[in-house]
Participant: 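Let me begin by handing over the structure; questions about it come next.
Just so we're clear, the structure is a prediction, and the values are computed from it rather than from any experiment.
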Amino acid sequence: MVFKVLNFTKNTGIPEVITMAKNYKEYRNKMKELVELEREEEMERHRKEIKKLSGQERQNRGRAILDLKGRYEGKGIANDHIIKFVSKKGLPDSEISVGDLVRVSKRQPENPDNPTGTVVEMTGHSVTVGFSERPPKFIQSRGVRLDLYVNDITFQRMLDAIENLEKSEELIDVLMGERKPFFGEIGDLELLEDELNDSQKDAVESSLKAEDIFLIHGPPGTGKTTTLAEVVDQHIEKGDRVLVTADSNTATDNMVEFLSKRGRNVLRIGHPARVNKNLRSYSLDEKIKEKTKYRDSEKLRGKAFELDEEQDKHTFPSGRNRRGLGNKAIKDLAEKGKGSRGIHPKKIESMAKWIKLQDKKDRLFEKAERLEEEAVQELIEEADVICTTNSTAGSEVIEGVDFDVVCIDEATQSTEPSCLIPITKAEKVVMAGDHKQLPPTILNSEAKDRGLEKTLFERMIEVHGEKIKKTLRVQYRMNTDIMGFSNKEFYENELEAHEKVANHQLNLNKDGEIEKVIDPENPFTLVDTNGEFMEETREGSTSKRNRGESKLVEYIHKKLVSKGVEPEKIGVISPYSDQIDLLEERLGSTETEIKTVDGYQGREKDVIVISLVRSNTDDRIGFLGDHRRLNVALTRARKKIIVIGDFDTLGQEEIYGKMDEYVKNKGRKVVLKNNSDLKIQTI
């Protein structure tokens, strides 16, 4: 048995064999090494930055919040201890958001003993954090600091999954390439979704025939999630127990929404702070409140906590107080009214009462825990389908639950070890994704070079060929001219635009002149800045920005809005975070979403404006050479796309030269000439 881990060379896109595994043991060891490399990289980045930078510097980078005061708020969602951290001055701009893991400290932020918790709510003046255990009292003093931190649980679950894969004897042979996937027969297929096209129907039918693994390749706008939801529905109708996962909470919530609208009883497992607010009614932590056993368990916990006050009246049997006496010995002495080892009988009696109260509390807590576990099992049994992230599929909540099939959405954004977490819980896996779009984010360069960026989805295509997948061919998002370039360069012209979208255009207010750059008659417009606006690097940053392009985006945005395009239907994309900051300053308070390419994966807008930033005399374009990133950016627009860039610089990369040529033939190219004052109406 020979298992190949492949990687694509940067320039040719041809698979390059970089390591080989002759058996599962070797595969397991190599995968564990890659996960450990990535785990250590992520943790080390946080440790180094926390140690190297002052609190103020880290706050300036958006990864810490200083000068907070905590206030205990009791218990909240997920039965966490809730602390509200308040800032009198108001919170600074921050990368920290709801669902993130944060570390709390006061004087030594690098101390590993500092507590970590999950952000459950944020306002302009406060951050509310949930802790699984009651945190130390120092957090309720002034001068407390929160640091964005890494969640080590996910890495541990990956490592466990790599070990547990060996138990999936049938599936492991397919994953290792030792045998071909099996396909059975299903008889006549009665679809539950009436409007599926032929390629979607083929994908559903093949997924149901597959007995171990199948892939649904869904290019942009082709209804990948709709198709996967039909697969899930069909398995539910067969009586199968189904687990649905995705790497991110957003993608998981998307499946929850799809399946709930189809009338399915969905159980969403995961921390409620990470679940879309509109979908929390499907979460375990909300649904369990309806269960009598859970309400009874809460009453028992309440009774246990009520004993705290009475217990505080008695002597705590610390080592100093008990002087080597065990609990039974203390209770026996108390019954006889005796002292021992210099301990007064009254102190013995007081300690015995404390111990008896603790025994009573323990019994109450144990019974409460048992009732809660029974309530959780009832919900799992009642659910048509369970939805969670890949990582949470390894949680204790469904540890003993076996599934007939696991469906993984956005599988091409998940590393192979991430996918293994849910895969080890089922006999069959159906994955949906598009390997022509963004790959998983890998921090460690060695892990990336050794193949961790290569997804299981891609590897299965390479190992088993085209018969293991179906490609969805009809897209419902883009005008044909917008679709055309990506269709040719990435999808071998296999895509077709549905008649409802093939010729749709912006409906602009016809009053006055419509400038060439926003003309709806040309859905794909390229603005060549012609070297007018040079890129720059902000001090202390590794990102790039381009002031001229930001002004041009602002100008185009104003023109679009003035012609009746609603701001929320416009999207602005740039590959560089510093350019995003600049664009947000330029456009100010607006409902237009301004995000990096990564932030726009899976999203769409009527109009997309892209600022490519790079313009220099050295013809350097950095990671703009990643063709998949370009593909994502170009396929977010429904009716109009405007690409801004210096094609003297960008044209050194073949893909941009091809785009330039495509727009000349299919769209409109606008070239800036001596136009640094942005009198765009003259071009």
Side-chain angles (χ1 to χ4, degrees), residues 154 157-158 160-176 181-184 203-204 206-218 224-225 227-249 251-256 258-259 264-270 284 380-381 383-433 455-457 459-460 468-469:
T154 297
R157 287 172 179 166
M158 288 182 193
D160 290 343
I162 294 166
E163 288 285 351
N164 294 335
L165 182 63
E166 193 169 19
K167 299 174 185 176
S168 307
E169 294 180 6
E170 292 294 323
L171 190 55
I172 195 173
D173 288 342
V174 179
L175 297 181
M176 295 292 292
F182 290 141
F183 291 87
V204 172
S206 297
S207 296
L208 294 172
K209 288 180 178 179
E211 295 185 5
D212 28 48
I213 188 167
F214 195 73
L215 314 177
I216 299 172
H217 177 205
K224 168 181 59 62
T225 304
T227 307
L228 188 61
E230 177 72 21
V231 173
V232 173
D233 250 348
Q234 291 288 341
H235 277 288
I236 293 171
E237 289 296 307
K238 286 171 57 184
D240 289 337
R241 176 172 272 179
V242 186
L243 174 65
V244 176
T245 72
D247 198 59
S248 70
N249 283 288
T252 303
D253 286 343
N254 196 27
M255 284 300 300
V256 171
F258 263 79
L259 293 167
R264 292 303 176 184
N265 179 3
V266 183
L267 181 61
R268 169 70 158 98
I269 295 177
L284 173 65
I380 290 173
E381 291 296 328
D384 290 330
V385 56
I386 291 174
C387 295
T388 185
T389 60
N390 292 347
S391 175
T392 307
S395 69
E396 293 179 357
V397 177
I398 53 174
E399 186 174 3
V401 184
D402 293 321
F403 294 88
D404 298 297
V405 58
V406 57
C407 295
I408 305 177
D409 198 11
E410 303 294 359
T412 50
Q413 292 180 48
S414 306
T415 64
E416 183 159 341
S418 173
C419 287
L420 292 181
I421 300 172
I423 283 174
T424 56
K425 303 192 69 64
E427 299 174 356
K428 168 182 172 178
V429 57
V430 178
M431 294 189 285
T455 64
L456 179 61
F457 190 101
R459 189 170 70 77
M460 288 296 94
I468 201 174
K469 78 172 177 74

Participant: So, for L171 and A426, which heavy atoms are closest and what is the spacing to 0.1 Å?
Facilitator: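 So the minimum-distance heavy-atom pair works out to CD2-O, 4.4 Å.
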Participant: side-chain contact (heavy atoms from CB on, under 4.5 Å) between L259 and I236: does it pass, once the steps are laid out?
Facilitator: CA-CA 11 Å; L259 293 167; I236 293 171; 5.5 Å; no
Participant: Roughly how far, to the nearest 0.5 Å, is the CD1 atom of I468 from the OG atom of S206?
Facilitator: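 Reported value, rounded in 0.5 Å steps: 11.5 Å.
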Participant: Roughly how far, to the nearest 0.5 Å, is CD of E416 from CG of L165?
Facilitator: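 The distance works out to 8.5 Å.
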Participant: Could you check T455 against Q413 for side-chain contact (heavy atoms from CB on, under 4.5 Å), going step by step and ending with a plain yes or no?
Facilitator: CA-CA 8 Å; T455 64; Q413 292 180 48; over 6 Å; no
Participant: How long is the gap from NE2 on H235 to OG on S207, to the nearest 0.5 Å?
Facilitator: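 So the NE2 of H235 and the OG of S207 are separated by 7.0 Å.
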Participant: Can you find a side-chain donor-acceptor pair between T392 and S395 that sits under 3.5 Å?
Facilitator: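 Not at all, the side chains of T392 and S395 share no donor-acceptor pair under 3.5 Å.
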Participant: Measuring only between side-chain heavy atoms, which start at C-beta, is D404 closer than 4.5 Å to V242?
Facilitator: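 The answer is no; the side chains never approach within 4.5 Å.
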Participant: Taking the side chain as C-beta and beyond, is there a heavy-atom pair between T225 and M255 under 4.5 Å?
Facilitator: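 Yes. Closest side-chain heavy atoms under 4.5 Å.
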Participant: Which atom names give the shortest non-hydrogen contact between A203 and T227, and what distance separates them?
Facilitator: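 Residues A203 and T227, closest heavy atoms: CB-CG2, 4.0 Å.
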Participant: Output the distance between atom CD (E399) and atom CG (D160), rounded to the nearest 0.5 Å.
Facilitator: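 So the CD of E399 and the CG of D160 are separated by 9.0 Å.
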Participant: Would you please name every residue forming a side-chain hydrogen bond (donor to acceptor under 3.5 Å, both in side chains) with S414, sequence neighbours left out?
Facilitator: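 Result, side-chain hydrogen bond (donor to acceptor under 3.5 Å, both in side chains) vs S414: N390.
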Participant: When rounded to the nearest 0.5 angstrom, what is the spacing between CG in D247 and CD1 in I421?
Facilitator: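 Here the interatomic distance stands at 8.5 Å.
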Participant: Are the side chains of M158 and T415 in touch, meaning some heavy atoms are under 4.5 Å apart?
Facilitator: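 The answer is yes; the side chains approach within 4.5 Å.
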Participant: Does a side-chain heavy-atom distance below 4.5 Å link V232 with F258?
Facilitator: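 Sidechains of F258 and V232: no contact.
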Participant: For the pair R459 (side chain) and L175 (backbone), establish whether a donor and an acceptor sit closer than 3.5 Å, ignoring hydrogens and angles.
Facilitator: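 Here the side-chain-to-backbone pair exists.
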Participant: For D253 and R268, what are the C-alpha separation, side-chain angles and deciding distance, and is it a side-chain contact (heavy atoms from CB on, under 4.5 Å)?
Facilitator: CA-CA 8 Å; D253 286 343; R268 169 70 158 98; 2.9 Å; yes
Participant: Using the test side-chain hydrogen bond (donor to acceptor under 3.5 Å, both in side chains), find all partners of N164 that sit at least two apart in sequence or belong to another chain.
Facilitator: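 Residues passing side-chain hydrogen bond (donor to acceptor under 3.5 Å, both in side chains) with N164: none at all.
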Participant: Partners of E381 by salt bridge (Lys or Arg N to Asp or Glu O under 4.0 Å), sequence neighbours excluded?
Facilitator: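 Salt bridge (Lys or Arg N to Asp or Glu O under 4.0 Å) list for E381, sorted by chain: R241.
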Participant: Quick one: closest heavy-atom pair of C407 and V231, and the distance?
Facilitator: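 Minimum heavy-atom contact is SG-CG1, 4.4 Å.
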Participant: I'd like to know if the side chain of R264 reaches the main chain of D384, judged simply by a donor and an acceptor atom lying under 3.5 Å from each other, with no hydrogens or angles considered.
Facilitator: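 Checked: no pair found.
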Participant: Which value, rounded to the nearest 0.5 Å, describes the distance between L228 atom CG and D233 atom CG?
Facilitator: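 Here the rounded value is 10.5 Å.
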Participant: Just to verify, what does K209 make a side-chain contact (heavy atoms from CB on, under 4.5 Å) with, not counting sequence neighbours?
Facilitator: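 Scan of K209 (side-chain contact (heavy atoms from CB on, under 4.5 Å), adjacent residues dropped) gives F183, E185, I186, E205.
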Participant: What pairs with E427 under side-chain contact (heavy atoms from CB on, under 4.5 Å), at least two apart in sequence or on another chain?
Facilitator: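 E427: no side-chain contact (heavy atoms from CB on, under 4.5 Å) contacts found.
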Participant: Quick check: closest heavy atoms across A246 and A251, and the distance to 0.1 Å?
Facilitator: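 In this case the closest contact between A246 and A251 is CB-CB, 3.5 Å.
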Participant: Quick one: list whatever passes salt bridge (Lys or Arg N to Asp or Glu O under 4.0 Å) with E211, sequence neighbours left out.
Facilitator: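 Applying salt bridge (Lys or Arg N to Asp or Glu O under 4.0 Å) to E211 gives none.
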Participant: Can you tell if the side chain of I408 reaches within under 4.5 Å of the side chain of P422, non-hydrogen atoms only?
Facilitator: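 In contact.
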Participant: State whether the side chain of K238 and the backbone N or O of L208 hold a donor-acceptor pair below 3.5 Å, judged by distance alone.
Facilitator: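 A pair under 3.5 Å: no.
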Participant: Just so I know, are the side chains of M431 and T412 near enough to count as touching, which here means a heavy-atom distance under 4.5 Å?
Facilitator: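 No - every pair of side-chain heavy atoms lies 4.5 Å or more apart.
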Participant: Let's go through V244 and D409 carefully: what are the C-alpha distance in whole Å and the side-chain angles of both, what is the deciding distance for side-chain contact (heavy atoms from CB on, under 4.5 Å) to 0.1 Å, and is it a yes or a no?
Facilitator: CA-CA 8 Å; V244 176; D409 198 11; 5.6 Å; no
Participant: Using side-chain heavy atoms (C-beta onward) and a distance below 4.5 Å, is V429 in contact with L456?
Facilitator: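 No, side chains not in contact.
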Participant: For the backbone of A432 and the side chain of K224, can you confirm whether one donor and one acceptor N or O come within less than 3.5 Å of each other?
Facilitator: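 Between the backbone of A432 and the side chain of K224 there is no qualifying donor-acceptor contact (under 3.5 Å).
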